[in-house]
Structures are given as structure tokens and as C-alpha cells.
Amino acid sequence: MAEELPGSPPEETLSLWKREQARLKARVVDRDTEAWQRDPAFSGLQRVGGVDVSFVKGDSVSACASLVVLSYPELKVVYEDCRMVSLTAPYVSGFLAFREVPFLVDAVRRLQEKDPHLMPQVLLVDGNGVLHHQGFGVACHLGILIDLPCIGVAKKLLQVDGLENNALHKEKIRLLRAGGDSFPLMGGSGTVLGMALKSHDHSTKPLYISVGHKISLEAAVRLTLVCCRFRVPEPVRQADIRSRDYIRRTLGVPGPPASGRERFRNYPLTSCCGDMCSFTRSPSYTLTHTLFFHSSHFG
DNA sequence: GCGACAG
DNA sequence: ATCTTGTCGC
């Protein structure tokens, strides 16, 4: 049975979360640390990872966390890990990591134990890096916890530090001509927090790229671009597709194939997900994740 | 009451 | 995030 998730955490919890973000933020490295990152052709780069969490319709707790690893430059999937999980924290803008990151860390840990030679050299994360309220989005958070280069790839502009999706911003987007065109996202302090990137010649909406950990913004944008067959870079796109498929296979098609709108009529989700989840976490999300964070570092 | 709101 | 079918276009 799925636990109830509060609509919004108490102010005290948000305060703890902010303090944790501030503490971990000091460890972020926003420059290139690997040789391949400075190479014009990324020679030396062989594996790029992508992570995502997809949700079960009508259930705020059940989700599928996925990690995929793609070969570079072929962009073929060489590793996939999908897992049903029970989320313990609600979604709060600015605190996405506290909802999703524990399960992503678990996935990376499983890879480390099962196929360490397939460990990606960089991870593309669905969400922001330093382009964030506290300068510490989910891509930074994950990067710090697993000590791997991470890139924040957001599909919508997070309006922080004076950044606004206003008429001027939309005009700048309109002026992006070809795939690869971009413009900097300057925060109020004059710092470049990220880049708006047209990832495809015929894509209207840009991607919002920011540094997660152990990579420069320039390399992050350049790598994202070479991973794009479509608007969303292939590692993130494959993680998304496969996690959604996993949910469909697991919860959506228990019986003979039905047709039309008959297929996904509110199946009893809770019965099956209890068995699927090997993680049973504390019902309270107040301190659980913070404690979990301390105990997780390797590599 | 109104706008904002990564996933 | 998710709800949604076909359809127009390269």
C-alpha cells in the first residue's frame, strides 16, 4: 500500500534541506577535470550515462527510476537498469533532488557492483545543475554524491536570480538559428548560470544546460549537443523511454492486450508495486535522505 | 485574488 | 511528472 505524501513539507524540513544544499554546494567543481572534456572531438570519451524517473499515472508515490549507459560516439545503449521505487518526498520546486536522487544513487551503486567497467564517464541529468535557487540543483546533488561529472539538462527555464521567461527571453530564443546556437543565462549577480541551447535545427524550444559537477559549462553544452539525435539528448531520452516502458510492462499490461481506451483504466497499482520495491524507506522524509546522503560515497 | 511552478 | 490520436512534415 502506498503511503500518503503530504502536499507540502513543513517549513522546518525545507530549512533542513536548504542547509544540506548549502553544505554540499561547497564541493561542486565547475570546471573540466578530465582530459576528454578539453578535447575538441571528446577523444577518450567512451560512455555517457543518462538518468530519469518516470511516474505512475494517478499515484504520487510509485515511480520507475532508470539509469542507462550509451557508447560514445555511437550512442548505442550498452546498459540499462529500471527499477520500481516508492518515493518518500513530495515534489517541491528547488528540492527535486530530495525526491529523486536517492534512487539514482542506488542505480549507480548497482552498476558499480555489477558492471563497474560500464560506469559512465559523465551523466546527463533531467533537471538543473547550478542554475537553481540555491545554486545546487539535482545535477549537482547527484554529481557530489557519486563523484562523477554531471550535466544539468532542463526542458524549461527555472526562473531564478532574475532570469525570466519573458518577452525578451522569448525573442532571444526566436533568434537562435541552427542547432548548436545558444545564449548565456546571466543571473542578477552577473554570473553565467547556464546556457539556452537550440539542440536541433528544427526545434522551437531550447534546452537549458548548466554545470552539475566536474565539467565546464562550455564542455557541458558541447557534449549535450553531440548527444542529440532529437531535441532531448539521447542518454536522457533513452532513460525516459525505457522507464516509461518499464511501467507499462509492469503495471499496464497484466492481461491479454486490450484496445483503445480500455487498456490503462486505473489498474490496482499498489498490489504489484509492493513486491517490486526492494527498497523500504522510512515513512518520514524529514531526515531519512539527509542521513542516506552521508553514507553514500564511493569511486 | 494572482502569479509562479526543474521533475 | 501525467492526461492524449491523429496528423502533417522531412
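Below, read A as the first sequence line, B as the second, and so on, with proteins coming before strands; counting in each chain starts at 1. Since we're looking at a predicted model, the values are computed, not measured.
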What nucleotide among B/dG7, B/dA6, C/dC3 has an atom nearest to a side-chain atom of A/N128?
B/dA6
Does the structure show A/Y91 stacking with B/dG7, if we require the centres to be closer than 5.5 Å and the planes to be within less than 30 degrees of parallel?
yes
Would you say A/S66 and A/D52 are linked by a side-chain donor-acceptor pair, where the criterion is simply a distance under 3.5 Å?
no
Could you state the CZ-P distance from A/F95 to C/dA1, rounded to the nearest angstrom?
20 Å
Without decimals, in angstroms, what is the distance between A/I151 CD1 and B/dA6 C1'?
17 Å
Qualifying residue for side-chain hydrogen bond (donor to acceptor under 3.5 Å, both in side chains) with A/K214, from A/T33, A/D30, A/D147
A/D147
Among B/dG7, B/dC5, C/dT2, which is the nearest nucleotide to the side chain of A/Q159?
B/dC5
So does A/K155 get a side-chain nitrogen or oxygen closer than 4.0 Å to the phosphate oxygens (OP1/OP2) of C/dA1?
yes
Tell me the interatomic distance from A/F55, atom CZ, to B/dA6, atom P, rounded to whole angstroms.
13 Å
Think A/R83 forms a cation-pi with A/F103, using NZ or CZ under 6.0 Å from the six-ring centre and within 45 degrees of its axis?
no
So do A/L175 and A/K172 actually touch side chain to side chain, heavy atoms under 4.5 Å?
no
Regarding A/E164 and A/Q159, do their side chains bring together a donor and an acceptor under 3.5 Å, going by distance alone?
no
Examine C/dA1: is either OP1 or OP2 under 4.0 Å from a nitrogen or oxygen in the side chain of A/R99? Give yes or no.
no
Without decimals, in angstroms, what is the distance between A/L185 CG and B/dA6 P?
15 Å
Indicate, with a heavy-atom threshold strictly under 4.0 Å, whether A/V138 touches base, sugar-phosphate, or nothing.
base
Mind checking the C1' distance from C/dT2 to B/dC5? Whole angstroms is fine.
15 Å
Mind checking if A/H132 touches a base, just sugar-phosphate, or nothing, with heavy atoms under 4.0 Å?
base
Distance, rounded to the nearest Å, where A/D240 contributes CG and C/dT2 contributes P
7 Å
Mind calculating the distance between CG (A/L197) and P (B/dA6) to the nearest angstrom?
19 Å
Separation of B/dA4 P from A/H133 NE2 (nearest whole Å):
13 Å
Taking the same atom, P, in C/dC3 and in B/dA4, what whole-Å distance lies between them?
26 Å
Candidate nucleotides B/dC5, B/dA6, C/dT4, ranked by approach to the side chain of A/K57 - the nearest:
C/dT4
How long is the line joining CG of A/D161 and P of B/dA6, in whole Å?
16 Å
When we call it a touch if two heavy atoms are under 4.0 Å apart, what does A/G152 touch: a base, just sugar-phosphate, or nothing?
nothing
